Amino acid sequence: MKKKVALITGITGQDGAYLANLLLNKGYKIYGTYRRSSSLNLWRLEELGILDSIEFLSLELLEKSNIERVIRLIQPDEIYNLAAQSFVSLSFENPIYTAQADALGVLRILESIRMINKKIKFYQASSSEMFGEGTSKKLNEGSRFHPRSPYAISKVFGHYITVNYREAYGIFACSGILFNHESPLRGTEFVTRKITSTLVEIQSGRKKILELGNYYARRDWGFAGDFVEGIWKMMQTDKPKDYILATGEDHSVKEFATLAAKLIGFDLIWKGSKPNEYAVDKSTNKILIKKNNEYYRPSDVSFLKGNAQAARKHLDWKPKVKFKDLVKIMVESDKKKALKGKILN
Ligand code: NAP
Ligand code: F7E
């Protein structure tokens with residue numbers, strides 16, 4: 001039987017690496033796209049040991065002709081659009097670039113599919129950030145969007161243009177509304193990996209302190225390896241539909257940091273009062289974690305928790321890794337890297 005061909009945009013990112021690994025195990029031929037730059041970001045694919053199994057093509061979300069050329073050339077069965085400016089904080093500094101990549105970038109791909117071959121299946125990486133501020137209840141596919149950043153607003157456009165191309169042109173186009181998912185391959189700019197990598201570096205004497213922004217924010221954190229399975233399952237159904245992927249549990253940044261510190265071997269005591277609490281290492285009495293206003297966002301999302309019942313029912317998907325195990329996996333990986341003297345990228 002002919003191998004299925006998948007195009008993964010953003011293969012050099014966290015989800016791209018895990019999804020490529022999954023699809024290779026399922027026998028796909030994988031084309032992955034990277035941005036042309038002076039230094040390629042291939043460490044995740046190297047860590048998973050799959051670098052040599054992927055055909056690379058350069059693709060920039062801002063260039064329509066570039067996208068069209070790639071799709072014409074490889075004629076994929078499935079396109080997974082994971083590429084995006086995905087850091088919410090940066091979207092406040094670069095809002096126009098973020099909208100170009102995360103909103104119009106999606107449209108450029110969909111337009112190319114419409115022109116080249118409407119039979120190509122399309123997955124869009126939508127985000128729980130689209131729900132923004134609102135409720136402490138579990139959010140589902142029918143919950144209202146109230147995006148709170150240029151990133152989230154761009155993702156809302158990407159989401160609805162995907163729905164529109166499905167409804168208007170009959171393209172198999174679906175969105176996964178994914179809640180935060182983390183792993184040892186997470187970028188160190190995101191709070192979970194910032195916490196595990198910095199605390200490990202403090203323990204090995206390379207850093208002195210961990211400075212964070214709003215550590216009362218609560219998120220529904222899952223494991224990226226589980227979530228890419230759900231992404232693939234969405235693309236294998238008979239009828240395209242949008243699904244939430246989430247664990248249904250919420251924890252604060254403070255809880256994440258406290259557990260990570262404990263697993264690394266620090267005995268933390270939190271002192272002071274909200275919002276100026278700080279954490280001291282009991283054995284040395286030195287401040288280990290403190291607030292830095294620089295990491296606050298002009299508008300943040302204080303609480304996000306998802307209800308993935310629809311994915312469970314229709315896709316038979318459920319996350320396997322629990323919060324405590326996720327923190328442990330990330331801490332262990334960073335400890336191992338530090339022991340080998342590696343840079344915690
Ligand atoms: P990530 O690690 O930041 O990876 C993003 C990828 O997009 C990288 O490969 C990056 O390339 C590429 N990229 C960025 N700008 C681009 C551009 N202008 N043209 C072409 N490629 C570009 O993100 P992730 O965590 O894997 O997330 C994957 C997708 O899911 C993103 O769309 C994100 O917004 C969305 N999402 C993520 C989460 C989550 O919790 N992880 C939750 C919901 C939705 P470089 O390597 O060159 O930077
Ligand atoms: O922040 C707070 C911060 O940057 C989580 C992306 O994958 O998930 C991710 O977006 C929370 C926020 O992730 C620091 O204010 C406190 O409330 O790890 P984050 P995010 O913004 O939730 C969604 C679903 C996506 O779609 C995105 O692409 O933690 N926080 N102190 C901090 N955050 C960071 N980064 N750094 C801090 O020092």
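These numbers come from the heavy atoms of this one structure, side chains and all, not from hydrogens, waters or symmetry mates. Not measured: the values here are computed from a predicted model. Atoms within each ligand, like the ligands themselves, are counted from 1 in listed order.
Looking only at heavy atoms of the protein, atom 2 (C) of ligand 2 is closest to Asn214 O, 3.8 Å. In this structure, the protein non-hydrogen atom closest to atom 27 (C) of ligand 2 is Ser86 O, 3.3 Å. Scanning the protein heavy atoms around atom 5 (C) of ligand 2, the nearest turns out to be Val191 CG1, 3.9 Å. Among all non-hydrogen protein atoms, the one lying nearest atom 8 (O) of ligand 2 is Asn180 ND2, 3.1 Å. Looking only at heavy atoms of the protein, atom 35 (N) of ligand 2 is closest to Glu189 O, 2.9 Å.
Using modelled atom types and a 3.5 Å distance limit, the side chains of Thr258 and Trp270 yield a donor-acceptor pair. One side chain, Tyr216 or Glu277, offers a donor N or O that lies under 3.5 Å from an acceptor on the other. Side chains of Thr9 and Asn81: a donor on one and an acceptor on the other come within 3.5 Å. With hydrogens and angles left out, the side-chain atoms of Arg193 and Thr188 include no donor and acceptor closer than 3.5 Å.
Seen from the ring of Phe157, Lys155 does not count as a face-on cation partner, given the 6.0 Å and 45° thresholds. For the pair Lys121 and Phe172, the cation sits on the ring face: its NZ or CZ lies under 6.0 Å from the ring centre, inside 45° of the axis.
Taking every non-hydrogen atom of Lys194 and a distance limit under 4.0 Å, the qualifying atoms of ligand 2 come out as 37 (C), 38 (O). Counting the atoms of ligand 2 from 1 in the order shown, those under 4.0 Å from a heavy atom of Asp300 are 3 (C), 12 (C), 15 (O), 17 (O). Annotation for ligand 2: atoms under 4.0 Å from non-hydrogen atoms of Val301 are 17 (O). Counting the atoms of ligand 2 from 1 in the order shown, those under 4.0 Å from a heavy atom of Val253 are 29 (O). Atoms of ligand 2 lying under 4.0 Å from at least one heavy atom of Phe87, given by number and element, are 4 (O), 35 (N). Listed by number with element, the atoms of ligand 2 under 4.0 angstrom from any heavy atom of Ser128 are 24 (C). In summary, the atoms of ligand 2 found under 4.0 Å from a heavy atom of Ser127, numbered by their order in the structure, are 23 (C), 24 (C), 25 (C), 26 (O). Of all atoms in ligand 2, numbered sequentially from 1 with element shown, those under 4.0 Å from a heavy atom of Tyr295 are 38 (O).
Only the side chain of Ala217 comes within 4.0 Å of ligand 2, judged by heavy-atom distances. Residue-level proximity to ligand 2 for Val88 is carried by the side chain, the only part with a heavy atom below 4.0 angstrom.
Here Arg72 pairs with Glu68 in a salt bridge; the nearest charged N to carboxylate O distance falls below 4.0 Å. Remark: Glu47 engages Lys337 in a salt bridge, criterion side-chain N to carboxylate O under 4.0 Å. One finds a salt bridge joining Lys290 and Glu211 here, because a Lys/Arg side-chain nitrogen approaches an Asp/Glu carboxylate oxygen to under 4.0 Å. Salt-bridge check for Glu60 with Arg36: failed, with every basic side-chain N at 4.0 Å or more from each acidic carboxylate O.
Residues Leu57 and Ile113 share a single hydrophobic cluster, defined by chaining ILVMFWY side chains whose heavy atoms lie under 4.5 Å apart. Both Val321 and Phe323 sit in one connected hydrophobic cluster of ILVMFWY residues. Membership requires side-chain heavy atoms under 4.5 Å apart, directly or through other members.
Between the choices Arg219, Glu182, Arg297, the shortest heavy-atom distance to atom 19 (P) of ligand 2 belongs to Arg297. Looking at Arg148, Glu129, Arg186, Gln14, it is Arg186 that brings a heavy atom closest to atom 7 (O) of ligand 2.
Using a 4.0 angstrom heavy-atom cutoff, Tyr151 counts as in contact with ligand 2.
Backbone and side-chain nitrogen or oxygen atoms of Gly213 are examined, and one is located within less than 3.5 angstrom of a nitrogen or oxygen of ligand 2.
Pairs of residues two or more places apart, or lying in two chains, never qualify as side-chain hydrogen bond (donor to acceptor under 3.5 Å, both in side chains) while including a residue from residues 312-329.
In this structure, Lys241 places its NZ atom where more than 12 heavy-atom neighbours from other residues, nucleotides or ligands lie under 6.0 Å away.
Between Leu304 and the options Glu129, Arg218, Glu133, a side-chain contact (heavy atoms from CB on, under 4.5 Å) holds for only Glu129.
A distance limit of 4.0 angstrom between heavy atoms and ligand 1 selects the residues Gly10, Thr12, Gly13, Gln14, Asp15, Arg35, Asn41, Leu59, Glu60, Leu61, Leu82, Ala83, Ala84, Ser86, Tyr97, Ala125, Ser126, Ser127, Tyr151, Lys155, Leu178, Asn180, His181, Arg186.
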